[in-house]
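To start, the structure itself, in structure tokens.
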Protein chains: 2
Amino acid sequence: MAKKRASITDLARELHISASTVSRALNGHPAISEATVKRVKALAKELGYQPNSLASGLRRGRSNMLGVVVPHIDGHFFSQVVKGIEAAASKAGYQVLICQSNEDVEHERANLETLMNAQVEGIMVSISRTTRETRHFEKVRKRDIPLVFFDRILEGYDVNAVVLDDRAGGYRATRHLLEQGYRRIAHFSGPQHLNIYKHRRQGYEEALREYNLPVREELIIMGDMKMEDGSAGMQQLLALPEPPDAVFSGSDFSAAGALEVLEARGLRVPQDIGLVGFSNELFSRLTAPQLTSIDQHCELMGRSATRLLLQLLDEREPHAAPRHVVLQPDLFVRASSLRTGLAG
Amino acid sequence: MAKKRASITDLARELHISASTVSRALNGHPAISEATVKRVKALAKELGYQPNSLASGLRRGRSNMLGVVVPHIDGHFFSQVVKGIEAAASKAGYQVLICQSNEDVEHERANLETLMNAQVEGIMVSISRTTRETRHFEKVRKRDIPLVFFDRILEGYDVNAVVLDDRAGGYRATRHLLEQGYRRIAHFSGPQHLNIYKHRRQGYEEALREYNLPVREELIIMGDMKMEDGSAGMQQLLALPEPPDAVFSGSDFSAAGALEVLEARGLRVPQDIGLVGFSNELFSRLTAPQLTSIDQHCELMGRSATRLLLQLLDEREPHAAPRHVVLQPDLFVRASSLRTGLAG
DNA sequence: AAGCGAAGTGCAAACGTTTGCATCCTGACA
DNA sequence: TGTCAGGATGCAAACGTTTGCACTTCGCTT
């Protein structure tokens with residue numbers, strides 16, 4: 001009844017052959033005879049042999065594990081990305097170790113240590129909101145552990161990355177509002193050291209300029225993109241002498257917050273005020289009215305990041321030029337921004 | 001420039017002491033002198049030494065990893081549970097390996113193999129919707145790998161588990177509707193081999209009986225609890241000669257689907273029809289009207305499961321009687337079920 | 001008949017830690 | 001001075017795999 005798990009040596013002893021032969025038989029080494037392979041595999045099955053991946057990892061200097069650091073895992077976006085990562089990784093025979101930084105640099109630093117400790121072969125990161133410097137990533141690089149960033153990256157830090165074309169997203173969202181006839185369009189944005197919020201804002205401004213409209217300071221509200229921030233921002237906007245006739249929010253959450261305020265004030269969406277969010281969260285179909293939003297192809301992003309990482313692992317060229325993959329966003333038009341649709 | 005990571009042996013060589021001493025110094029073994037400890041730690045820091053957890057895992061027969069198998073990771077519930085697991089595990093010095101079964105038994109079986117391969121010390125599982133038998137779990141048990149189920153368990157399979165008191169949840173949801181004056185209450189339920197849906201239904205029936213109301217077959221709709229199922233179910237209900245005046249849905253998603261249909265038909269919630277969901281998904285605050293729902297304390301569930309697992313690991317009594325932890329749900333009352341609130 | 005190549009297998013070292021036991025040293029006590 | 005205790009360290013084996021190299025056998029070729 002001793003529950004010791006069968007090892008390669010056990011198989012070898014039982015079959016009166018050497019451990020090397022067993023190992024090779026199991027791994028499909030060509031030099032082993034048909035017959036032996038059969039015997040080994042049969043016994044392995046019988047004893048329920050499972051390779052010890054710690055041992056093989058140790059010996060081969062590989063762990064078959066990839067690490068992921070995300071700010072958090074709740075909400076649609078990151079959980080979908082992780083899903084994509086998982087799918088791509090497991091197809092390639094890798095395990096995935098997932099860590100959450102909780103939007104905190106210190107946590108992020110600790111996560112990286114943890115992952116390196118666990119001997120992961122590569123790491124994918126989406127930086128936390130409080131990350132402003134890159135020392136902890138340099139440590140990873142020094143160890144020659146391939147590193148791929150996704151979605152959120154640090155401005156001016158040249159790295160391998162898979163990102164969304166946030167500028168295009170911001171542009172298309174805003175342009176859609178303009179085409180619907182809205183002219184005084186406000187924008188909710190987040191911390192500007194994060195590429196995503198900065199680029200969404202730039203896209204917004206670009207669209208305005210294209211329509212020869214001024215970019216007004218008072219219509220751009222900086223916040224943390226949570227629901228509360230959206231509510232507060234909306235109230236601030238409504239208090240203006242000339243309130244906006246539409247809002248492009250850099251996040252669905254703050255858009256939802258804005259929606260609550262509008263409803264409470266008895267303002268109609270999209271008639272009185274148009275609204276567009278960002279991320280195409282699950283709930284954007286459930287609000288009343290349904291929320292127009294930008295889809296980020298989260299799962300694809302996860303798969304792309306993993307594919308890029310696997311490529312790097314494959315090539316093993318320590319310091320090749322960093323590669324960028326840019327995904328194009330999609331605009332999902334729903335009721336919250338459809339003014340003409342109602343008229344027509 | 002060889003990027004070989006410093007090992008214990010490297011430290012030992014450099015300091016002209018033995019590897020054992022270095023190991024002991026780093027692990028706080030009492031027999032090592034103050035002075036040596038200092039020297040070792042200093043050099044370790046200088047060289048950026050990171051212990052190789054594969055090696056130490058191999059030697060000590062421990063991996064410091066826990067495995068988790070969930071049906072999926074999107075949506076509020078499981079991602080929050082995972083968050084709780086992660087938090088509790090990392091506080092205890094464990095890594096977490098997360099696998100998704102995609103609601104498929106075969107995947108689930110493969111996930112378990114994978115985790116055992118990775119030498120996890122214990123496994124937490126919430127079974128997939130298509131899991132109806134337990135052979136693959138027996139294999140884990142045979143290896144004496146502690147196993148804890150959470151939320152979803154197989155009826156009649158006696159195991160360590162952390163579950164919600166779903167019966168109480170169903171009861172309280174239904175009772176709340178009754179107290180609001182609704183009398184013809186329908187119910188959306190899911191696959192009955194899953195404890196959660198079965199118990200929610202039982203709680204629903206219990207509340208009806210308490211009010212001396214009949215349990216009507218035609219008012220109980222079985223489905224897959226997705227949004228579409230909710231829409232379809234609602235249409236089916238509205239087509240009845242005597243449609244219900246309220247619905248208790250076993251999931252927020254199908255509740256949302258029902259809401260869409262109701263809105264399209266011009267039926268007012270909660271005046272014409274009351275609605276209660278289950279899970280307290282993030283979006284339940286965002287629907288119009290906001291959705292009354294049952295909160296499952298997801299994060300707590302994750303923490304509890306982990307704590308239980310760690311206990312089992314600690315005790316190492318192979319076949320102690322399985323333990324159950326039952327969490328109490330909370331009812332979050334919102335507009336979708338507040339008929340009297342409007343009158344008052 | 002010697003030599004050769006190929007196929008199949010085994011030996012032993014290595015990966016980086018941990019740990020039981022042995023060893024050495026120093027100082028104290030009888 | 002001899003003995004002993006205790007503190008500090010080292011030795012070597014072990015965890016389960018993988019892998020370069022050597023070895024045996026056997027059937028062929030020259």
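Values reported hereafter were calculated over all heavy atoms of this structure, with side chains retained and with hydrogens, waters and symmetry mates removed. Quick note on labels: first sequence line is chain A, next is B, and so on, each numbered from 1.
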Distance check needed: [N] [atom2] versus [X] [atom1], whole Å only.
X: B:L11; N: C:dG16; atom1: CG; atom2: P; answer: 12 Å
X: A:I8; N: D:dT19; atom1: CD1; atom2: C1'; answer: 12 Å
X: B:H16; N: D:dT9; atom1: NE2; atom2: C1'; answer: 16 Å
X: B:L15; N: D:dG10; atom1: CG; atom2: C1'; answer: 15 Å
X: B:L54; N: D:dT18; atom1: CG; atom2: P; answer: 13 Å
X: B:N52; N: C:dA14; atom1: CG; atom2: C1'; answer: 13 Å

Between [atom1] on residue [X] and [atom2] on residue [Y], distance to nearest 0.5 Å:
X: A:Y157; Y: A:I127; atom1: OH; atom2: CD1; answer: 10.5 Å
X: A:T130; Y: A:L194; atom1: OG1; atom2: CG; answer: 9.0 Å
X: A:E138; Y: A:H136; atom1: CD; atom2: NE2; answer: 10.5 Å
X: B:E108; Y: B:T131; atom1: CD; atom2: OG1; answer: 3.5 Å
X: A:D74; Y: B:Q80; atom1: CG; atom2: CD; answer: 4.5 Å

Item to check | Donor-acceptor contact below 3.5 Å, side chain A:H29 vs main chain A:S23 | outcome: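 Checked: no pair found.
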Checklist entry - Where the side chain of B:N111 meets the backbone of B:V70, is there a donor-acceptor pair that is under 3.5 Å apart? => result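 No; judged by distance alone, with no hydrogens or angles, the pair does not exist.
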Next on the checklist: Checking A:S53 against A:S56 for the side-chain hydrogen bond (donor to acceptor under 3.5 Å, both in side chains) test, could you report, in this order, the C-alpha distance in whole Å, the side-chain angles of both residues, the deciding distance, and whether it holds?
Outcome noted: CA-CA 5 Å; A:S53 62; A:S56 103; over 6 Å; no
Checklist entry - Looking at DNA chain C, which of residues 56-65 of chain B put a heavy atom within less than 4.0 Å of it? => result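 Output list: B:S56, B:R59, B:R60.
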Checklist entry - Pick the nucleotide of DNA chain D nearest each of B:A55 and B:S20; which residue has the one closer to the 5' end? => result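 This one resolves to B:S20.
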Next on the checklist: Five pairs per end, C1' atoms only: what is the angle between the end axes of the helix from C:dA1-D:dT30 to C:dA30-D:dT1, to 10 degrees?
Outcome noted: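 Rounded value for the end-axis angle: 70°.
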Under a 4.0 Å N-O cut-off, is there an ion pair linking [X] with [Y]?
X: A:R152; Y: A:E103; answer: yes
X: A:K83; Y: A:E86; answer: no
X: A:R323; Y: A:E315; answer: yes

Checklist entry - Less than 3.5 Å between a donor and an acceptor, one on the side chain of B:S7 and one on the base of C:dC15, is that the case here? => result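 Looking at the base of C:dC15, it does not pair with any donor or acceptor on the side chain of B:S7 (distance under 3.5 Å).
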Item to check | Members of residues 21-44 of chain B that approach DNA chain D, where some heavy atom sits under 4.0 Å away | outcome: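 Under 4.0 Å from DNA chain D: B:T21, B:R24, B:A31, B:I32, B:S33, B:T36.
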